[in-house]
Amino acid sequence: MAEERPGSWFGFGFCGFGQALGSGRGRQVLSPEPLRVPDAGTDICDIGSLSAAWSYTAIVSSAGRLLLSGSARGAADGCRDAWASETLRAVLRDGPGGPGPGAELQAWAPGAALRGEPLWARPAGPEEAGREDDGAACETRAGPLPLLPGARAHLSPRPPLCRPLCPALRARRLALGAEHALLLDAAGQVLSWGGGRHGQLGHGTLEAEPAPRLLEALQGLRVAAVAAGGWHSVCVGETGDIYVWGWNESGQLALPARGLAEDGQTDAGEGTGELYTWGWGKYGQLGHGDTASRDRPRRVQCFVREQLRVTAVSCGPWNTYVRAVEPGRS
């Protein structure tokens with residue numbers, strides 16, 4: 001079987017606050033560059049997770065070291081995960097005994113450098129296991145923050161900072177947009193709630209929904225992943241189909257947008273692991289070497305030229321981080 005070398009992380013887009021994006025020259029990086037980790041003891045191949053807010057980035061190494069880069073700076077050890085926003089930073093940390101039971105969720109002011117006392121802290125709660133309706137075992141442990149362990153609550157950038165979920169929901173993933181939320185449950189169904197003025201909820205109206213509501217248009221489709229932009233939504237079916245809805249002002253739905261002059265062509269790929277981007281590109285966050293916005297998917301040629309396969313993507317409001325690996329030979 002083919003083996004893969006450890007993956008490397010790349011960044012491109014807005015870095016006006018000194019975020020760890022490639023060279024960091026000026027206010028933007030227009031094409032993917034190797035990530036500069038602001039800690040001499042951390043290798044970019046050792047990054048376990050990454051969460052990008054507008055003005056800073058939270059990087060967690062696989063060894064549990066959290067690094068902040070940008071308008072907020074600092075470091076802390078014993079961290080499992082971190083979630084960055086402009087109004088709140090949440091950190092899931094090991095308990096006094098190290099990894100295992102006793103983990104604590106901490107909330108910090110955005111500008112705090114992880115020193116002193118957090119705004120609030122609470123036990124994270126145990127991870128839980130559930131069962132599918134047909135009796136088959138099903139893992140329902142929470143995904144990454146902002147979904148909390150046990151999947152019975154989630155973080156919010158606005159008070160109350162910790163919000164409960166309906167006990168009947170077995171949540172697997174949660175994505176937060178500017179005004180709405182998407183939840184993927186253990187059965188592969190998608191629910192949405194919050195503001196709907198741009199159609200981002202997917203219920204066929206522009207009305208808000210105060211509580212999670214099942215997306216009828218996706219009934220019968222098992223979904224593998226969900227993501228929320230500012231005012232648009234995306235999900236990926238288990239067969240690899242992509243569904244998008246909501247605001248298309250900058251072509252973020254990969255549909256024709258007024259004001260964008262496009263040639264109407266979509267790049268054709270030749271293999272798996274290629275990266276395609278589209279939408280708003282003012283700061284180079286699409287990775288095509290310019291600041292143009294696009295309403296058609298376009299392949300990021302940097303990874304093709306370097307013969308790298310993309311395995312993970314983390315989108316911030318104005319920048320993008322990508323993990324890529326060099327396929328080995330059998």
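All of these numbers come straight from a predicted model, not from anything done at the bench.
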Between [X] (side chain) and [Y] (backbone), is there a donor-acceptor pair under 3.5 Å?
X      : Y      : value
Arg152 : Pro167 : yes
Arg294 : Gly281 : no
Glu104 : Ala121 : no
Asp46  : Ser61  : no
Ser85  : Pro157 : no
Gln200 : Gly195 : yes

[X] and [Y]: which non-hydrogen atoms are nearest, and at how many Å?
X      : Y      : answer
Gly177 : Ala228 : N-CB, 3.5 Å
Cys315 : Thr320 : SG-CG2, 4.3 Å
Ser192 : Leu182 : CB-CD2, 3.6 Å
Leu114 : Ala76  : CD1-CB, 3.9 Å
Ala181 : Leu174 : CB-CD1, 4.4 Å
Ser51  : Ala82  : CB-O, 3.6 Å

Checklist line | With Val190, the side-chain contact (heavy atoms from CB on, under 4.5 Å) member among Leu214, Leu221, Val223 | finding: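 Result: among Leu214, Leu221, Val223, Val223 is the only option passing the side-chain contact (heavy atoms from CB on, under 4.5 Å) with Val190.
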Looking at [atom1] of [X] and [atom2] of [Y], how far apart are the two atoms once the value is rounded to the nearest 0.5 Å?
X      : Y      : atom1 : atom2 : result
His154 : Leu183 : NE2   : CG    : 8.5 Å
Leu148 : Leu155 : CG    : CG    : 4.5 Å
Tyr56  : Phe17  : OH    : CZ    : 12.0 Å
Arg298 : Leu286 : CZ    : CG    : 9.5 Å
Glu326 : Gln307 : CD    : CD    : 8.0 Å
Trp280 : Thr291 : CH2   : OG1   : 10.5 Å

Quick one: are [X] and [Y] in side-chain contact, heavy atoms under 4.5 Å?
X      : Y      : value
Ile47  : Arg323 : no
Ser314 : Thr57  : no
Val244 : His232 : no
Trp9   : Ile59  : no
Cys162 : Trp120 : yes
Pro256 : Arg296 : yes
Trp318 : Gln19  : no
Arg197 : His180 : no

Item checked: With sequence neighbours excluded, residues passing side chain to side chain donor-acceptor pair (under 3.5 Å) with His288 ->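 Thr277.
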Check: With sequence neighbours left out, what residues match Asp185 under side chain to side chain donor-acceptor pair (under 3.5 Å)?
Finding: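 With sequence neighbours excluded, Asp185 shows a side chain to side chain donor-acceptor pair (under 3.5 Å) to Gln189, given in chain and number order.
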Notebook entry, point to check: Under the salt bridge (charged side-chain N to carboxylate O under 4.0 Å, His left out) rule, what pairs show up with a residue in residues 278-288, not counting sequence neighbours?
Noted result: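 Passing the test, one end in residues 278-288: no pairs.
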Notebook entry, point to check: Which salt bridge (charged side-chain N to carboxylate O under 4.0 Å, His left out) pairs, counting each pair once, include a residue from residues 200-210, with sequence neighbours left out?
Noted result: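 Passing the test, one end in residues 200-210: Glu209-Arg213.
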Note to self: Could you work out, with salt bridge (Lys or Arg N to Asp or Glu O under 4.0 Å) as the rule, every residue matching Asp77, not counting sequence neighbours?
What the structure shows: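 So Asp77 forms a salt bridge (Lys or Arg N to Asp or Glu O under 4.0 Å) with Arg65.
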Item checked: Over 12 non-hydrogen atoms of neighbours within 6.0 angstrom of CD in Glu117 ->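 Counting other residues, nucleotides and ligands, CD of Glu117 stays at 12 neighbours or fewer.
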Item checked: Residues Trp231, Glu179; criterion side-chain contact (heavy atoms from CB on, under 4.5 Å); working and verdict -> CA-CA 7 Å; Trp231 294 276; Glu179 299 175 345; 3.4 Å; yes
Check: Among pairs that include at least one residue of residues 244-255, which meet side chain to side chain donor-acceptor pair (under 3.5 Å), considering only residues two or more places apart or in two chains?
Finding: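 Matches after skipping sequence neighbours: none remain.
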